[in-house]
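Everything below concerns the one structure shown next.
Heavy atoms only: backbone and side chains are in, while hydrogens, waters and symmetry mates are out.
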There are 2 protein chains.
Amino acid sequence: MIKIICVGKIKEKFYRDAIDEYLKRLSKYTKISIMEVDDIDYSNPEVSMQKEKDLILKYVDVKDYIITLEIEGQKYNSMDLSKKIDKILSINPNITFIIGGSYGLSLDIKKLSNMKLSFSDLTFPHQLFRIMLLEQIYRSYKILNNESYHK
Amino acid sequence: MIKIICVGKIKEKFYRDAIDEYLKRLSKYTKISIMEVDDIDYSNPEVSMQKEKDLILKYVDVKDYIITLEIEGQKYNSMDLSKKIDKILSINPNITFIIGGSYGLSLDIKKLSNMKLSFSDLTFPHQLFRIMLLEQIYRSYKILNNESYHK
């Protein structure tokens with residue numbers, strides 16, 4: 001079972017449609033759910049992160065294997081990431097990914113993390129990043145199932 | 001003037017809509033055009049890349065500053081990438097980005113490159129990657145114009 005906790009609503013229809021498409025494709029391989037918490041857009045980043053932290057924590061089950069997406073986290077190629085996910089699932093069948101808001105994740109959330117994962121040194125908007133994460137999870141399952149996929 | 005040469009048509013409406021949205025946003029800052037060449041899906045990667053190379057070369061102006069997107073290229077964070085793009089534009093007002101097909105870019109195209117740029121060690125589908133590139137170009141212009149943008 002895969003859970004993605006992320007901050008911020010998605011307004012754009014094309015991003016929502018892309019997410020729905022990946023959720024549909026992934027349903028062939030795993031149960032997957034997205035928990036969306038409100039982004040708190042205070043002028044003070046620290047206050048925003050603290051408020052978002054409380055909202056995120058409502059969805060976190062500390063028994064899950066928790067992967068936080070952090071720009072300074074570890075980098076993988078798609079093949080190695082699929083192997084890593086496979087290994088994690090063999091130990092713990094429940095993985096929770098956490099994507100932060102505009103200001104990133106609070107230290108308290110980072111402390112709960114079992115694995116810090118970085119996709120890129122570049123900063124992406126949370127809407128697009130959510131699709132990038134779904135795509136890599138989907139790609140991982142395709143690789144693990146020996147199904148061709150390079151598009 | 002920014003030109004993006006890429007391999008493969010985009011069938012999904014949500015990806016086309018996302019691309020149109022970024023092209024609209026970018027039109028405020030620069031002329032930008034996308035040249036889409038057919039992907040050649042032969043079973044032989046070498047043959048595919050050679051055929052795609054010929055199609056790509058029709059759009060390449062070697063007087064442009066050519067940036068090839070390669071998984072093994074140089075990595076930047078968004079701030080440094082915006083500075084790099086600014087520097088390039090001060091020397092050459094025309095940048096051409098080239099995104100390869102499923103099998104990557106042929107050696108002949110790579111040889112024309114002035115800069116090899118990598119977004120991630122992860123492999124992304126060309127449709128999604130095109131949006132990621134447009135987003136980073138847009139982000140660069142926002143940064144260079146001192147406009148807030150973190151979503």
Tell me, out of Gly8(A), Ala18(A), Ser120(A), Ser118(A), who's got the most heavy-atom pairs with chain B below 4.5 Å. Ala18(A)
Interchain contact, Leu81(B) with chain A, by part (heavy-atom threshold 4.5 Å): side chain
So, the part of Phe129(B) with a heavy atom under 4.5 Å from chain A: the answer is neither
Stepwise, does the side-chain hydrogen bond (donor to acceptor under 3.5 Å, both in side chains) test hold for Tyr15(B) with Glu21(A)? CA-CA 11 Å; Tyr15(B) 282 137; Glu21(A) 171 66 24; over 6 Å; no
Could you tell me whether the side chain of Tyr141(A) reaches within less than 4.5 Å of the side chain of Ile2(A), counting heavy atoms only? yes
Please classify the contact between Met79(B) and chain A as side chain, backbone, both or neither, with a heavy-atom cut-off of under 4.5 Å. neither
OG1 on Thr96(B) to NZ on Lys63(B), rounded to 0.5 Å: 10.5 Å
Using non-hydrogen atoms and a 4.5 Å limit, figure out which bit of Leu128(B) sits close to chain A: side chain, backbone, both or neither. side chain
Could you tell me if the side chain of Ile4(A) sits less than 4.5 Å from the side chain of Leu134(A), heavy atoms only? yes
Glu52(B) vs Leu105(B) side-chain heavy atoms within contact, under 4.5 Å: no
Looking only at Asn77(A), Ile71(A), Ile131(A), Asp80(A), most heavy-atom pairs under 4.5 Å shared with chain B are made by Asn77(A)
